[in-house]
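First comes the structure, then the notes that go with it.
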Amino acid sequence: MSRPVITISDLAGHVDQPVTLRGWVYNWRKKGKLRFIILRDGFGYLQCIVFRPEVDEEVWEKAVELTQETSIEISGKLVADERAPGGYELKVDNLKIIQIAPEFPIGKKDHGVDFLLNQRHLWLRSKRQHAIMRVRSEAQFAIRDFFQQRAYTLIDSPILTPAACEGTSTLFETDYFGEPAYLSQSGQLYLEPAVAALGKVYCFGPTFRAEKSKTRRHLTEFWMVEPEVAWMQFDGLLDLCEDFISSVISRILEECAVDLERLERDISKLEPATKGSFPRIDYGDAVKTLQTLGQEIEFGDDFGAEHETLLAGLHDRPVLVTRYPADIKAFYMQPDPTDPTRALAVDVLAPEGYGEIIGGSERSASLEHLEHQIEIHGLPRDAFKWYLDVRTYGSFPHSGFGMGLERFVAWMCGISHLREAIPYPRMINRLYP
RNA sequence: UCCGCAGUAGCUCAAUGGUAGAGCGGGUGGCUGUUAACCACUAGGUUGGGGGUUCAAGUCCCUCCUGCGGAGCCA
């Protein structure tokens with residue numbers, strides 16, 4: 001009798017048929033002559049039943065030997081049964097042990113954060129982490145599809161760079177054949193020349209910031225997607241942010257329903273964001289609103305985490321805060337033509353306290369203005385020569401933004417800390433495993 | 001970097017300055033429908049390191065280390 005080897009994602013087509021599955025023992029329970037084995041194969045979970053009177057003694061002895069995370073090949077008849085989680089179970093008639101696992105560090109009860117992070121390579125096997133990784137993967141493909149379908153060209157920006165993009169002191173330095181080099185903290189400066197070649201571009205890769213931040217919203221290594229569009233001005237940028245977020249969330253809700261349910265994510269909190277119409281609030285109005293709410297903030301201050309949460313909390317979908325004071329924003333931003341003390345910058349604040357997920361701006365197209373800004377910010381003129389060439393050889397209006405993937409994934413999954421939104425988080429004091 | 005909290009069994013946590021315990025996990029046994037199964041028994045400890053106070057320190061004091069939460073900064 002031939003038995004197809006199937007995965008748990010493919011049960012429905014094999015009901016009442018003999019099948020073989022391969023995977024790991026997620027959990028097991030014993031009840032006299034019964035053994036319940038929960039098999040995990042990376043695609044799902046399946047309850048397998050070994051009933052002593054109905055199997056060879058040899059099979060029973062193997063079933064008794066099983067431990068959590070033992071790798072096995074298991075065969076039997078797949079049946080539908082309402083008593084089984086998921087609605088299907090396997091009536092086992094054969095069992096092959098690949099390797100008996102010794103006591104698995106991660107058990108059924110709660111563990112501390114430190115312990116779990118030290119076991120991150122094993123923690124990934126848990127249901128919750130599995131679901132988060134599925135959402136992250138889907139988010140990445142949704143993002144790439146969004147740009148691909150709109151004729152953007154993917155431009156991979158370099159990881160090793162000669163200088164700071166935003167002139168901060170939060171760079172990881174490395175030795176590049178005797179010269180200092182830095183791990184990239186943004187691909188933007190490399191996208192701007194590329195957009196003059198290709199019209200619409202984006203990059204999507206890891207970025208590095210040596211900020212000594214110890215908060216739920218920071219990693220030292222995180223993934224950022226950054227589109228850049230030629231001839232796009234500020235209003236177009238705001239539309240792009242909105243269209244982008246709506247589209248990607250819609251796809252997550254469609255494709256990851258099972259994962260979001262496993263994460264017990266309240267979908268109704270995400271649905272408004274699929275419908276567009278994101279509120280757009282002028283920075284000045286946002287400050288007034290915060291003052292009305294009793295916050296001690298003055299025009300000219302940047303928002304803290306609490307301010308962002310308060311502002312976002314007034315709406316059921318992301319909020320676009322626009323036109324920040326120029327001097328609290330990066331040097332390359334285009335001044336507002338109606339008020340040069342303001343920059344054509346936008347931050348997108350996610351609901352439920354997830355904070356800033358996007359930061360973007362129209363870029364300054366003026367060589368003079370940029371040269372002045374570089375001087376004011378005390379940046380080395382020579383290091384930016386190539387960047388300024390964008391404004392020398394046929395300057396043009398253009399805009400772009402950056403979105404942190406982990407912040408987006410954390411929001412989608414409803415998880416409180418970015419460390420769970422990336423397979424192997426890198427944080428201050430944590431480089432293992 | 002600053003402020004706050006914590007460190008006790010493999011894990012999660014208890015323990016008025018007075019004999020260090022429980023649950024889970026491990027081991028042994030029982031149970032034909034379990035859903036983090038249950039029941040019984042059992043093994044398992046230099047209480048983060050160093051110093052101090054005290055008749056007596058897991059507990060109080062000093063110091064160092066590690067981690068967590070928050071702030072600033074940002075995506």
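Numbered from 1 within each chain, the chains take letters A, B, ... in sequence-line order. The analysis underlying the following values was restricted to heavy atoms, covering all of them including side chains, and did not include hydrogens, waters or symmetry mates. No experiment lies behind these values; they were computed from the predicted model shown.
Judged by the 6.0 Å distance and 45° axis criteria, A:Arg430 is not positioned over the aromatic ring of A:Tyr432. Seen from the ring of A:Phe147, A:Lys200 does not count as a face-on cation partner, given the 6.0 Å and 45° thresholds.
Atom CZ in A:Phe104 sits roughly 20 Å away from atom P in B:C24 (whole-Å rounding). Residue A:Gln188 contributes atom CD, which lies 10 Å from atom P of B:A75 at whole-angstrom precision. The distance from atom NZ of A:Lys214 to atom P of B:G70 is 10 Å, rounded to the nearest whole Å. For the pair A:Ile358 CD1 and B:C74 P, the interatomic distance rounds to 17 Å; values are reported in whole Å. Protein atom CD1 of A:Ile422 is 12 Å distant from nucleotide atom C1' of B:A75, rounded to whole Å. If you take CZ of A:Arg216 and C1' of B:G72, they are 16 Å apart, rounded to a whole angstrom. For the pair A:Met333 CE and B:C74 C1', the interatomic distance rounds to 12 Å; values are reported in whole Å. The distance from atom NE2 of A:His111 to atom C1' of B:C11 is 5 Å, rounded to the nearest whole Å.
Side-chain nitrogen and oxygen atoms of A:Lys109 include none within less than 4.0 Å of the OP1 or OP2 phosphate oxygen of B:G23. Note on A:Asn429: a side-chain N or O is less than 4.0 Å away from OP1 or OP2 of B:G67. An OP1 or OP2 oxygen of B:G69 is reached within less than 4.0 angstrom by a side-chain nitrogen or oxygen of A:Arg419.
Residue-level contact check: A:Thr207 touches neither bases nor backbone, having no heavy atom under 4.0 Å from any strand. The residue A:Gln68 sits apart from the nucleic acid: no heavy atom pair falls under 4.0 Å. Among the heavy atoms of the strands lying under 4.0 Å from A:Arg430 are primed sugar atoms or P, OP1, OP2 only; no base atom is included. Heavy atoms of A:Leu34 sit under 4.0 angstrom from at least one base atom. Using a 4.0 Å heavy-atom cutoff across all strands shown, A:Gly112 reaches sugar-phosphate atoms only and no base atom. Using a 4.0 Å heavy-atom distance criterion, A:Asp347 is classed as making no nucleic acid contact. Nucleic acid contact for A:Glu89: base, since at least one base atom lies under 4.0 Å from a heavy atom of the residue. Heavy atoms of A:Gly304 sit under 4.0 angstrom from primed sugar atoms or phosphate atoms, though from no base atom. Using a 4.0 Å heavy-atom cutoff across all strands shown, A:Phe115 reaches sugar-phosphate atoms only and no base atom.
Rounded to the nearest Å, the gap between the P atom of B:C55 and that of B:A14 is 31 Å. Spacing between B:C73 and B:U59 at atom P, rounded to whole Å, works out to 40 Å.
A donor-acceptor contact under 3.5 angstrom links the side chains of A:Ser247 and A:Asp243, judged on distance only. No hydrogens or angles considered: nothing links the side chains of A:Gln334 and A:Ser361 as a donor-acceptor pair under 3.5 Å.
Judged by Watson-Crick or G-U wobble contacts below 3.5 Å, the nucleotide B:U12 has B:A22 as its partner. With a cut-off of 3.5 Å on both Watson-Crick or G-U wobble distances, the partner of B:A56 is given as none. Base pairing of B:G4: its partner is B:C68, meeting the Watson-Crick or G-U wobble criterion (both donor-acceptor distances under 3.5 Å). Taking a pair to require two hydrogen-bonding distances under 3.5 Å in either a Watson-Crick or a G-U wobble arrangement, B:A43 remains unpaired.
The nucleotide whose nearest atom lies closest to any side-chain atom of A:Glu103 is, among B:C74, B:G26, B:U12, B:G26. Among the nucleotides B:G69, B:C74, B:C11, the one closest to any side-chain atom of A:His218 is B:C74. Distances from the side chain of A:Asp302 to the nucleotides B:U32, B:C74, B:U34 place B:C74 closest.
Under the rule for a ring pair (Phe, Tyr, Trp, His ring centres under 6.0 Å), the partners of A:Phe401 that lie at least two apart in sequence or sit in another chain are A:Phe244.
Between A:Gly359 and A:Met427, the residue whose closest nucleotide on RNA chain B is further toward the 5' end is A:Met427. Looking at which nucleotide of RNA chain B each of A:Met224 and A:Arg83 is closest to, the 5′-most match is held by A:Arg83.
Between A:Tyr283 and A:Tyr324, the two ring planes are tilted [angle within 30° to 60°].
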